[in-house]
Structures are given as structure tokens and as C-alpha cells.
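Everything below concerns the one structure shown next.
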Amino acid sequence: MSKNAELVRIFVSIGDLLDLIGEERFKPEAYRRAARSLESLGEDIQKVSDRGGLDDIPGVGEAIAEKIREYLGTGKIAYYDRLRAQVPPGLLTLMQIPGVGPKTTRRFWIELQVEEPRGLSQAIAEGRLTGMPGFGPRKIEILTEGLKGLGAAPGGAGERHPVVVAWELAERVASDLRRAAPVKELVIAGSLRRARETIGDIDLLATSSEPEKVFDAFSHLDGIREVRLRGETKETVLFDPGIQIDLRVVAPESYGAALQYFTGSKDHNIRLRTLARDRGLKINEYGVMRGDTRIAGLTEEEVYAALDLPFIPAEIRENRGEIEAALERRVPPLVELPQVTCDLHLHWEDPAKELPGPWIDAAHALGLRHLGVVLPESDGAREMARGLRTRWREADPRSTVGLLVGLERPEGTGPVLPEGFDYLALAAGPGDPPPIEPPGPVPLFVGHLPPPGQEPRHRWIAWAQREKVGLELTPDPTAEGLDSGDAQRVVAGEGRLFVTSAARRPAELHRIELAVRLARRGWVPPGAVGNTRDPGTPSASPAARRRPRARRGRAPGTRRS
DNA sequence: GCCGTTTTCGGCCCGACTGTTTTCAGTCG
């Protein structure tokens, strides 16, 4: 586990422990807020500490910064150890039961001397909960069920899913529900709209004048495993394969306020509501209120405008400086899908059999003018590239979508482009980057980066930045490209990146939209994205493409100082 | 414990849902 993740775990634990010993509620919340901040930090906490940046992290003040430094220096936090010594560890497990929070757990501990799950089971069996104020038959039933589910619960709370999995499920469910229910708007909200790299649960927002009918339809969609909760404005269900979806339905006039609220993040909203209150306003999911008068709520733009703020793109709403930037009118323009002209990372599983037609159609639908198929280096790769071009011309005689063929070379072979290919796709690896010069204007990107938090990853990213080699940003987790935090640093260092779908089938080409959202999450402007320009422009002349200059005076494999 | 476009002290977002209650506490997001 990375140091960031370990600190998140510790601060969440400290929050729980403080709740259990009965500390006033704002202190535990402060530790949780700090944990949330670290979770979305996107940079190695050691690096932040080394450059003296801990104080800049929202929710980290003097005391918590000192505890972070203590952890980085010694691997321990004495305060945390002292708290743990005061509280039986089994109580933290009890608090994981759905519907059981700190207050309830504390009552088990103080009133029943129960310190762990087995003790609670026993207390229930002996009837010791019966007659306790607040514990009716239904509550005891829920506790019994919750105790059973305490072990490894697949699909349970806390499990996170890769954003691409959640996004494709959400799109499918949304499209099913649009057909099945009387909804006016139906959109994805929550952390999925913010394009977090991993998703806990999916939030959908609908507007309708007949919420009952919407919930009825939602309850009967394909793929539903269980309806967990249903009220007048929201319903929570568990979908296959174990992803929870929350659907909220509001009246059309509240669409903007509700979308703003349900998109989050929590800390962004708290900042916004605090700002509102300072100005004599109140924000909730139904609108912006001045006294009893609703002054905004139809659109998100209206909500921000009511606070004298420009619109803040969903992907950067993390309370990581976006509100300050908005107050000072310096939120940069972020890259948008229509600006992207090509996708340079397609896998064509079986070029001998598969037809180009569906790829061309998918490219049209997304407004892409070029598609780049990446072939792994092999003896037959050049022949395969030639065959691809011929069949592409036959399928698209008017050349509405251009075909580019890239060659993927394994780590360490260096960016020398053989005849018959348009660009190189260089795979990174556990070792060091190649000590050679990239071939001029030829697009080139690096996938398969070493895992986050490991030093070789930083070396590859630094190398690419220095050499102006484009780095790949894709939602496909198997491609091991940049994440949005990397992207933000790459752009800050004036590096360049490429958004790609890494699609294996035409139906996956739309993942480039998700790649764009991830880039936006990293505050990436259009100018920093290599494939917002057309690669077929004369700047990449055939000569430049075929004859990269090799760097002299250094043998392959030599390290750069 | 954090934080400041009234503040270095005195506040700390806001509402839905549930179970157990005759008006609310706890939990959750």
C-alpha cells in the first residue's frame, strides 16, 4: 500500500476512534476531511512533504501536518497508537455493519460490554437487546443480517471499480431507463461524472413529474440484483456485477441545483454552501434560496452564477483549488471531445478477418478524422500494415476517416521508425527510458508505465517531458498509462499527452470520451493534448517520419545522467 | 482539528431515509 493510502486508512481510523471515545463531532470530521483530501491528492505525499507543501492540502493544518511528517519519518503515529490502546479493535469492525455508526457502537460497548462481532451475536441470542430504547424487532433483524455479511462481502460497501467499468454500466442503465420511464433529463452524476479513476457507486439523476413511475421502471431493469432502499425521491439498487446505483428524481425546475449537488465532491459542495451562507444565501439540491425565494436552480451555470462564480467543470470539483481559481476568474479552458481529431491507440485483434466498416462508423459518430491501429512488432507486421491500408481504402474509398498504422516496440528498442509505419508506440517497462532522441514530429506515446508510486514511473514521465514525447492517457486500466494526477503534473511541466481509447472493438472507441474526461480532471488544456491536432498535416513529412536522427556518441542502453 | 471577502475565536452543509417514535436520533451521502 502506498504511503498516501496508508495515511488515508489511518486518518479514517482516527476519525472512527475519536467518535467511539465520544469526542465532540467536529474533531473526527476534521480527520475524515483530511483523509478525503489525501485520497484525491494525486501526488506522492512524501514528495509533497519534501517540498514543504503539506500546509497547502485542504483540511490539513498544523496538527495533522505534524502527524503526516511523523509517519513519513518513523512509519508510526504515536497519537494513533494511543487511541487504539483505548478502544477494543473489534468495535471498528462492528461499525462496518450497515446502519451502525459510532453512537450505536458506543452503546454496545458501554451498555452491553460488547467489544466485537461475536459478542454482539451472543447478546442478540441472549435477548439482551430486547427492550433497549431504540432497538425494535426490525433493528435487531438488520443487525443480525449485518453480522452475517461482515466477512468478505462481494459487492458490498467499500469496494471500488475501475471507472471504465462503472461508466459503461451507467451508460447502459441510463439508456434502458430513458426508454422505460417518463424522464425528461437523465444524467450521470457523482464521482463518475467527475471521472474519478475508481468508482464506489454510481449516481444517476433524473427529472420527471412522475417519480413513482420512474422508480417502478428502475426497479425492474435488466441486471438488478436487489432493491436496497426506496423513498419518494431516491432509490438504491444493486446491479450485476455488484455495483450499487443510486437514482434521484427531482422536478425539472431543480435540475441544475440537483445536478450540482449530486455531482459533488462533498468538500466542493461544503465550500460552496459555506460561501453561499456568507452571502446570505442557502443552497440545497432544489435550488439557491434567498430567504423563501428561489433565485436559481434550473441549470448548474445559474447556481454558480448566483454565487458570482463562473461555471466550474465537473471533473475538477474536488476542493483542490478550483473554487479559489473561480473566484479569481482563472479557471483554464479544458480540453473537450470535439477538439480531439484522432485516436492513436486501437488494437485490431484480427486484422485478417475483421472489417474496417464498424471502426469507420464509430469514428464518424465521435467526430474523429483519423484512427491509429497499433500493431505489435513482429516479422509479419509490415505486411499486415500494407494489408490493412488496402482494405481500409476499399471500405472507405472517399477517405473520410484516415488510417494510421503504428508500430508498438517493446521496452528499450528505441524510437527508430521502420518503413511502412506512421508512428511508434513505445511501451515503457520496469527499466529506464531509452537514451535516444525521439524522431522529430512523429507522434509517439508511452503506455505500460510502471505502477504509481514507484520510482521508474517518475523517470519515464520525466524523460517523456524532457524529450517532448507524448504520454498516453487512457481509461483502459490494462494499458497502464497516466492517471489524471500524473496528467496534471505533466502539463505543469509543459509536457504533452495523448488521449486514447485503447479500444479492442469498435464499440469501445467511445472510451476516448472518458479519456478526455480524465484529462479534464487533470486540468489539461487543449493545447497540451497531442491528438487535438490532425496528424495528417504536412508538418509530419514522410522524410521526417522515416529517418529519425539517432543520437550520437552514446551506446544503446547507456544511462542519461 | 481546521479555518477566515465580517472572524486568530467561534463557528463548522444540508437533506433523505429508517426505525422507533408521537417529534426524533442516527446514519448516510
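A, B, ... follow the sequence lines: proteins, then strands. Residue 1 opens every chain. These numbers come from the heavy atoms of this one structure, side chains and all, not from hydrogens, waters or symmetry mates.
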Exercise. Are any of A:Arg277's side-chain N or O atoms less than 4.0 Å away from OP1 or OP2 of B:dC12?
Worked result: yes
Seminar exercise, completed: The nucleotide from B:dA16, B:dC13, B:dT18 with an atom nearest the side chain of A:Lys234 is B:dA16
Problem set entry | Whole-Å P distance, B:dG19 and B:dT8 | 46 Å
Problem set entry | Span that lies between the P atom of B:dT22 and that of B:dC12, in whole angstrom | 29 Å
For this session: Using the six-membered ring wherever Trp is involved, compare the ring planes of A:Tyr31 and A:Tyr79 and label them parallel, tilted or perpendicular (cut-offs 30° and 60°).
Result: parallel
For this session: Mind checking A:Ile283 for me? I need base, sugar-phosphate or nothing, with any heavy atom below 4.0 Å counting as a touch.
Result: sugar-phosphate
Exercise. In whole Å, what is the span from the CG atom of A:Leu94 to the P atom of B:dT27?
Worked result: 12 Å
Exercise. How far, in whole Å, is B:dG15 from B:dT6 if one measures between their C1' atoms?
Worked result: 28 Å
For this session: Specify the separation, in whole Å, of atom CZ of A:Arg294 and atom C1' of B:dC14.
Result: 16 Å
Exercise. What residue pairs, at least two apart or across chains, pass ring-ring contact (aromatic ring centres under 6.0 Å, His included) with a residue in residues 165-205 of chain A?
Worked result: A:Trp167-A:His510
For this session: Identify the two heavy atoms, one from A:Leu473 and one from A:Leu482, that lie closest to each other, and give their separation to 0.1 Å.
Result: CD1-O, 3.1 Å
Exercise. Quick one: is A:Tyr261 getting a side-chain N or O under 4.0 Å of the B:dA16 phosphate, OP1 or OP2?
Worked result: no
Exercise. For atom C1', what is the distance between B:dT18 and B:dT23, given to the nearest Å?
Worked result: 15 Å
Exercise. When all nucleic acid strands are considered with a 4.0 Å heavy-atom cut-off, which category describes A:Glu24: base, sugar-phosphate, or nothing?
Worked result: base
Exercise. Hey, is the side chain of A:Arg273 poking within less than 4.0 Å of OP1 or OP2 on B:dC14, counting only N and O atoms?
Worked result: no
Seminar exercise, completed: When every non-hydrogen atom of A:Arg511 is compared with those of A:Val164, the smallest separation belongs to NE-CG2, 3.3 Å
Problem set entry | Closest-nucleotide ordering on DNA chain B, the 5'-leading residue of A:Ala30 and A:Arg230 | A:Ala30
Problem set entry | B:dG11 to B:dC17 separation - C1' atoms, rounded to the nearest Å | 28 Å
For this session: State whether A:Lys282 places a side-chain N or O below 4.0 Å from either non-bridging phosphate oxygen (OP1 or OP2) of B:dG15.
Result: yes
For this session: State which residue, out of A:Val250, A:Val214, A:Leu259, fulfils the side chain to side chain contact (heavy atoms under 4.5 Å, CB included) condition with A:Thr207.
Result: A:Val250
Exercise. If you measure from the C1' atom in B:dT20 to the same atom in B:dC24, how many Å do you get, rounded?
Worked result: 9 Å
Seminar exercise, completed: When both distances are under 3.5 Å in a Watson-Crick or G-U wobble arrangement, the nucleotide paired with B:dG1 is B:dC12
Exercise. Which part of the nucleic acid, if any, lies within contact of A:Glu232, taking any heavy atom under 4.0 Å across all strands shown: a base, the sugar-phosphate backbone alone, or nothing?
Worked result: sugar-phosphate
For this session: Could you measure between the two P atoms, the one in B:dG10 and the one in B:dC28, and give it in whole Å?
Result: 33 Å
Seminar exercise, completed: From CD of A:Glu29 across to P of B:dC2 the rounded distance in Å is 13 Å
For this session: Mind listing the closest non-hydrogen atom pair of A:Ile64 and A:Gly59 along with its distance?
Result: CD1-O, 4.1 Å
Exercise. So, A:Phe26 and B:dC12: ring centres less than 5.5 Å apart, planes less than 30° off, yes or no?
Worked result: yes
Problem set entry | Value rounded to 0.5 Å, distance of CZ in A:Arg178 from CG in A:Leu186 | 5.0 Å
Exercise. Within the structure shown, what part of the strands sits under 4.0 Å from A:Leu275 by heavy-atom distance: base, sugar-phosphate, or nothing?
Worked result: nothing
For this session: Starting at atom CZ of A:Arg36, determine the distance to atom P of B:dG1, rounded to an integer number of angstrom.
Result: 17 Å
Seminar exercise, completed: Of B:dG1, B:dG19, B:dC13, the nucleotide closest to the side chain of A:Arg138 is B:dG19
Exercise. With respect to the phosphate group of B:dC17, does any side-chain polar atom (N or O) of A:Thr233 fall under 4.0 Å of OP1 or OP2?
Worked result: yes
For this session: Examine B:dG15: is either OP1 or OP2 under 4.0 Å from a nitrogen or oxygen in the side chain of A:Asn284? Give yes or no.
Result: yes
Check the interface with nucleotides 3-7 of chain B: list each N/O to N/O pair with the protein under 3.5 Å, or write none.
| unit_1 | atom_1 | unit_2 | atom_2 | d |
| --- | --- | --- | --- | --- |
| B:dC3 | OP1 | A:Gly59 | N | 2.8 |

Exercise. Is A:Arg194 close enough and on-axis enough to A:Phe262, meaning under 6.0 Å and within 45°, for cation-pi?
Worked result: no
Exercise. Taking atom C1' of B:dG19 as reference, at what distance in whole Å does atom CD1 of A:Ile140 sit?
Worked result: 12 Å
Exercise. Which value, in whole Å, describes the distance between the P atoms of nucleotides B:dG1 and B:dT5?
Worked result: 23 Å
For this session: Specify the separation, in whole Å, of atom CZ of A:Arg25 and atom C1' of B:dG10.
Result: 14 Å
Exercise. What is the distance, rounded to the nearest whole Å, between atom CE of A:Met132 and atom P of B:dG19?
Worked result: 18 Å
Exercise. Between A:Thr104 and B:dT27, does any side-chain N or O lie under 4.0 Å from OP1 or OP2?
Worked result: yes
For this session: Would you mind checking if A:Arg9 and A:Glu6 are paired as a salt bridge, meaning a charged N to carboxylate O distance below 4.0 Å?
Result: yes
For this session: Determine the contact category for A:Pro102: base if any of its heavy atoms lies under 4.0 Å from a base atom, sugar-phosphate if only primed atoms, P, OP1 or OP2 are that close, otherwise nothing.
Result: sugar-phosphate
Seminar exercise, completed: The residue, A:Thr105 or A:Ile270, whose nearest nucleotide of DNA chain B is more 5′ is A:Ile270
Exercise. Looking only at heavy atoms, what is the nearest atom pair of A:Asp201 and A:Gln244, with distance?
Worked result: CB-O, 3.2 Å
For this session: Round to the nearest Å and state the distance from A:Phe215 atom CZ to B:dC17 atom C1'.
Result: 12 Å
For this session: Could you work out which one of B:dG29, B:dG19, B:dG1 sits closest to the side chain of A:Ile142?
Result: B:dG19
